[in-house]
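The shown structure was predicted, so the numbers you read here are calculated from the model rather than taken from an experiment.
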Amino acid sequence: MAESVTVRCPDCRREHAYAPPTYPCACGQPVTLPLLAGGVPVRVEHRTWASSWVAVRCRACGRSDEWPQPEFGCPCGTTVRVPTATPPPRPHTELGPLPSGDGLEAGPEPGSAVRQRPARTRPGRPPTRRPAFRPVTIRTAQDAKTAAAHYLRWLGFHDVRVAGNRPASGVDLRGPALVAHVDPTTTPTPLREIETLWLNGLNESATAACFSLAGYSHDARVRADELALPLFVLDLTGTPQAVNDAADDLIRTTA
């Protein structure tokens, strides 16, 4: 496991322990994304596929592959990108951008330099008996729905179905006593989508959960906390991260 570092959110200034992701090379050896020493974390406001991948060379076999840029979701609702020691790859002309994506803008606020720190575990989280989660890489908007459905099944929600087209109700995933919304756009999920999802869950007496690629607006985050609606942020590896206490509770209590 990669050693964690301390990263400060450029919005709320809160510090977090962050371990850079590790991916399996085709040769079978793990490849850990190298973080830029002294790099300043930035806020992700808009995202394109070309700016969301980084080329890293495997030290074992010398093969160069492209992997998702290291990011994490701060509890304040901001999606934070941690700079890597390698330059971003050339644009992927064959993939095209995510819906409404028009580039990456970094916030001007200064952040703390990345410094080495021993890994630590989150207090109050009981050990899980689930097998290791195997994420589904996100390259399209439909992939985002598939990744969220895969995660919910891993949590214990069986028979989760993915809607093929954008439903008018805003419910992209359904399962027994479950409704979920997946926002694959490159702008923060707004308040209206949170309230619509909560009403769907209330009307169907179902657990509701929301997944977003670009995080949440401040008022959406506040309202979700008031409604105890679980929020997750998806990175491009397909790995969700809990954004609020309701999401942590859902992870802990789901069998």
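Side-chain atoms of V162 and Q142, non-hydrogen and from C-beta on, do get closer than 4.5 Å to each other. Using a 4.5 Å heavy-atom threshold, the side chains of E204 and R174 count as touching. Side-chain contact check for L35 versus V5: some heavy-atom pair is nearer than 4.5 Å. In this structure the side chain of L178 reaches within 4.5 angstrom of the side chain of L152, judged on heavy atoms. In this structure, P188 and S212 have side chains that are not in contact, with every pair of non-hydrogen atoms separated by 4.5 Å or more. Under the 4.5 Å side-chain criterion, counting only non-hydrogen atoms from C-beta, R63 is in contact with C25. Looking at heavy atoms from C-beta onward, L213 lies out of side-chain contact with D183 at the 4.5 angstrom threshold. In this structure, the side chains of F211 and P240 come closer than 4.5 Å at one or more pairs of heavy atoms.
Here T239 contributes atom OG1 and H150 contributes atom NE2; the two are 9.0 Å apart, rounded to the nearest 0.5 Å. Atom CZ of residue R139 and atom OG1 of residue T137 lie 6.5 Å apart, to the nearest 0.5 angstrom. Taking CZ of R81 as the reference point, atom CD of Q69 lies at 5.0 Å (rounded to 0.5 Å). Between T189 atom OG1 and L197 atom CG the span is 10.5 Å, to the nearest 0.5 Å. Taking CD1 from I194 and CG from L199, the interatomic distance works out to 11.5 Å, rounded to the nearest 0.5 Å. The structure places CZ of R13 at 5.0 Å from CZ of R8, a figure rounded to the nearest 0.5 Å.
For D172, the salt bridge (charged side-chain N to carboxylate O under 4.0 Å, His left out) test picks out K145, R166, with sequence neighbours left out.
In the displayed structure, R59 atom CZ is contacted under 6.0 Å by at most 12 heavy atoms of other residues, nucleotides or ligands.
Ion pairing between E195 and R192 fails under the 4.0 Å rule for side-chain N and carboxylate O. A salt bridge does not link R223 to D225: none of the charged side-chain nitrogens sits closer than 4.0 Å to a carboxylate oxygen.
Criterion: ILVMFWY side-chain heavy atoms under 4.5 Å apart, direct or through other members. Under it, L191 and L231 are not part of a common hydrophobic cluster. Note on F232 and L227: separate hydrophobic clusters, where clusters join Ile, Leu, Val, Met, Phe, Trp and Tyr whose side-chain heavy atoms are under 4.5 Å apart, directly or indirectly. L155 and V243 fall into different hydrophobic clusters, defined by Ile, Leu, Val, Met, Phe, Trp and Tyr side-chain heavy atoms under 4.5 Å apart, directly or through other members. Grouping the Ile, Leu, Val, Met, Phe, Trp and Tyr side chains by contacts below 4.5 angstrom, directly or via other members, places V80 apart from V233. No path of Ile, Leu, Val, Met, Phe, Trp and Tyr side chains, each step under 4.5 Å between heavy atoms, connects V179 with I251, placing them in separate hydrophobic clusters.
In this structure, D235 contributes its side chain and P68 its backbone to no donor-acceptor pair below 3.5 Å. Formation of a donor-acceptor pair under 3.5 Å by the Q241 side chain with backbone atoms of G73 is found in this model. Checking side-chain atoms of D11 against main-chain N and O of T78 turns up no donor-acceptor pair under 3.5 Å. For the pair H218 (side chain) and C76 (backbone), a donor-acceptor distance under 3.5 Å is absent. Counting only distance, with no hydrogens or angles, the side chain of H181 and the backbone of C210 share no donor-acceptor pair below 3.5 Å. The closest donor-acceptor contact from the side chain of D143 to the backbone of T140 lies under 3.5 Å. A donor-acceptor pair under 3.5 Å is formed between the side chain of W154 and the backbone N or O of P131. Put simply, the side chain of R43 never gets that close to the backbone of T79: no donor and acceptor are under 3.5 Å apart. In this structure a side-chain-to-backbone donor-acceptor pair under 3.5 Å is missing from Y151 to G238.
Among all heavy-atom pairs drawn from T237 and P135, the shortest one is O-CB, 3.1 Å. Closest heavy-atom contact between C27 and C58: SG-SG, 3.8 Å. Minimum heavy-atom separation, T32 to P20: CG2-CG, 4.0 Å. Between A206 and A177 the shortest heavy-atom distance is CB-C, 3.5 Å.
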